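These notes concern the structure reproduced below.
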Number of protein chains: 2
Amino acid sequence: MIVTENMPPEAVAQKLSESGLRATPQREIVYRSLLTKRDHPTAEEVFARAKAEMPTISLATVYNCLETLVQCNLIRQVNHERGPTRYCPNLHPHAHFRDEQTGTMVDIDVPADLFERLKALLPTGLSASSVEITFRGKTQP
Amino acid sequence: MIVTENMPPEAVAQKLSESGLRATPQREIVYRSLLTKRDHPTAEEVFARAKAEMPTISLATVYNCLETLVQCNLIRQVNHERGPTRYCPNLHPHAHFRDEQTGTMVDIDVPADLFERLKALLPTGLSASSVEITFRGKTQP
DNA sequence: AGTGAGATTTGGAATTAATCTAAAGTAGTC
DNA sequence: GACTACTTTAGATTAATTCCAAATCTCACT
């Protein structure tokens with residue numbers, strides 16, 4: 001299955017088992033917490049949301065689940081400068097804009113041909129498996 | 001002075017004092033260590049090189065100097081995923097390619113018009129002060 | 001249904017990169 | 001030559017994440 005669209009919540013179990021992994025309640029809760037509020041939360045924020053549904057879940061588990069979901073391509077990691085890693089269920093190729101004041105992050109669609117032009121800049125011998133584009137700036141008042 | 005080219009080593013003192021800062025031996029050593037081997041070293045690596053020239057320099061000072069040099073636009077910070085921050089004296093707008101195996105990083109020139117096209121993707125209301133483009137992948141054998 | 005192997009979760013300790021702090025050193029100015 | 005502001009320094013501290021080893025769970029097989 002090639003992923004071009006965001007996973008519907010039901011597909012998590014399937015995608016996980018495709019990778020030989022189990023669809024545990026913790027993994028589903030963590031994944032749902034990304035889907036329901038798509039604001040690029042940090043692991044701590046996911047932890048807070050997950051605890052609301054399952055008070056016994058641990059922070060280590062949240063890190064484990066996020067890592068697992070990244071591994072089987074259900075979500076993406078987003079890093080910006082030294083800030084904590086954020087997580088994103090949008091699997092379309094896209095860029096991120098980060099507001100310097102508030103730290104909030106929004107998705108920016110990038111046409112496929114621009115990604116192609118960027119990849120074409122690489123000298124022969126280098127092949128990119130991913131391209132990360134991050135804008136930093138401010139939101140007009 | 002608008003910076004479009006890498007600073008010649010002599011220019012550091014001037015650039016620093018323009019910003020009301022002093023050209024200390026530590027700052028010059030740290031800057032030179034970036035110029036002489038342009039391999040995007042981490043603060044720890046800069047520290048090691050600086051110590052060879054000035055055994056009494058401290059790691060905190062290296063962090064301070066790097067921060068100062070970034071502030072007055074003599075060098076750039078480069079972040080990639082969770083790795084330690086790296087430093088780069090190349091002030092041209094450019095992208096970075098990072099080899100997943102070795103962790104080494106190389107500069108990739110990006111034509112100005114591509115940067116413009118990227119910035120044009122932002123919806124009205126968002127204005128970017130910088131764009132970071134990072135490729136991740138592998139170097140062909 | 002019971003059992004064993006392997007996967008998963010958990011809390012706490014450990015790690016890493018970076019920042020903070022407060023004291024000591026240095027430099028330009030009056 | 002002293003005042004003041006800027007710098008450096010070592011060590012303590014922080015923040016995010018990873019590691020670890022024990023407890024728990026789940027599936028496959030009997």
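Quick caveat, the model's predicted, so the values are computed rather than measured. Numbers restart at 1 for each chain; the letters A, B, ... are given by sequence-line order, proteins then strands. Side chains included, hydrogens not; waters and symmetry mates left out as well; all remaining heavy atoms used.
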Legend entry - Below 4.0 Å: OP1/OP2 of dA17(C) and any side-chain N or O of Arg82(B): no
Inset, instruction - Indicate whether any N or O donor in one side chain lies under 3.5 Å from an N or O acceptor in the other, for Asp99(B) and Thr104(B). - result: no
Inset, instruction - Using a cut-off of strictly less than 4.0 Å, decide whether Thr85(A) has a side-chain nitrogen or oxygen near OP1 or OP2 of dA16(D). - result: no
Legend entry - Presence of Ser58(B) side-chain N/O under 4.0 Å of dT8(D) phosphate oxygens OP1/OP2: no
Inset, instruction - Tell me what Leu59(B) touches on the nucleic acid: a base, only sugar-phosphate, or nothing, going by heavy atoms under 4.0 Å. - result: nothing
Inset, instruction - Send over the distance from Tyr31(B) OH to dT7(D) C1', rounded to a whole Å. - result: 21 Å
Inset, instruction - Have a look at Thr56(B) and say if it touches a base, only the backbone sugar-phosphate, or nothing, with a 4.0 Å heavy-atom cut-off. - result: sugar-phosphate
Legend entry - Arg27(A) vs dT8(C): side-chain N/O to OP1/OP2 distance below 4.0 Å: yes
Legend entry - Euclidean distance, atom CD1 of residue Ile57(B) to atom C1' of dG25(C) [Å, nearest integer]: 15 Å
Legend entry - Side-chain donor-acceptor pair present, Arg82(B), Thr85(A), cut-off under 3.5 Å: yes
Inset, instruction - Among dT9(C), dT7(D), dC25(D), find the nucleotide with the atom closest to the side chain of Arg22(B). - result: dT7(D)
Inset, instruction - Would you indicate what Thr24(B) reaches in the nucleic acid, counting non-hydrogen atoms under 4.0 angstrom: base, sugar-phosphate, or nothing? - result: sugar-phosphate
Inset, instruction - Write down the distance between CG (Leu16(A)) and C1' (dC27(D)), rounded to a whole number of angstrom. - result: 16 Å
Inset, instruction - Would you please confirm or rule out a distance under 4.0 Å between OP1 or OP2 of dC25(D) and any side-chain N or O of Gln26(A)? - result: no
Inset, instruction - Could you tell me whether the phosphate oxygens of dT19(C), OP1 or OP2, come under 4.0 Å of any side-chain nitrogen or oxygen in Tyr63(B)? - result: no
Inset, instruction - Report the distance from atom CD of Gln71(A) to atom C1' of dT18(D), rounded to the nearest whole Å. - result: 14 Å
Inset, instruction - Measure the distance from CZ on Phe47(A) to C1' on dT17(D) and round it to the nearest whole Å. - result: 14 Å
Inset, instruction - Would you please say whether a donor-acceptor pair under 3.5 Å links the side chains of Ser130(A) and Arg136(B)? - result: yes
Legend entry - Separation of dT8(D) P from Leu21(B) CG (nearest whole Å): 10 Å
Legend entry - Residue whose closest nucleotide on DNA chain D lies nearer the 5' end, Asn64(A) versus Ala43(A): Ala43(A)
Legend entry - Asp39(A) with Arg49(A): basic N within carboxylate O range, under 4.0 Å: yes
Inset, instruction - Please report, rounded to the nearest Å, how far the C1' atom of dT9(C) is from the CD atom of Glu67(A). - result: 15 Å
Inset, instruction - Write down the distance between CD (Glu45(A)) and P (dA15(D)), rounded to a whole number of angstrom. - result: 15 Å
Legend entry - Salt-bridge contact Arg76(A)-Asp107(A) (side-chain N to carboxylate O under 4.0 Å): no
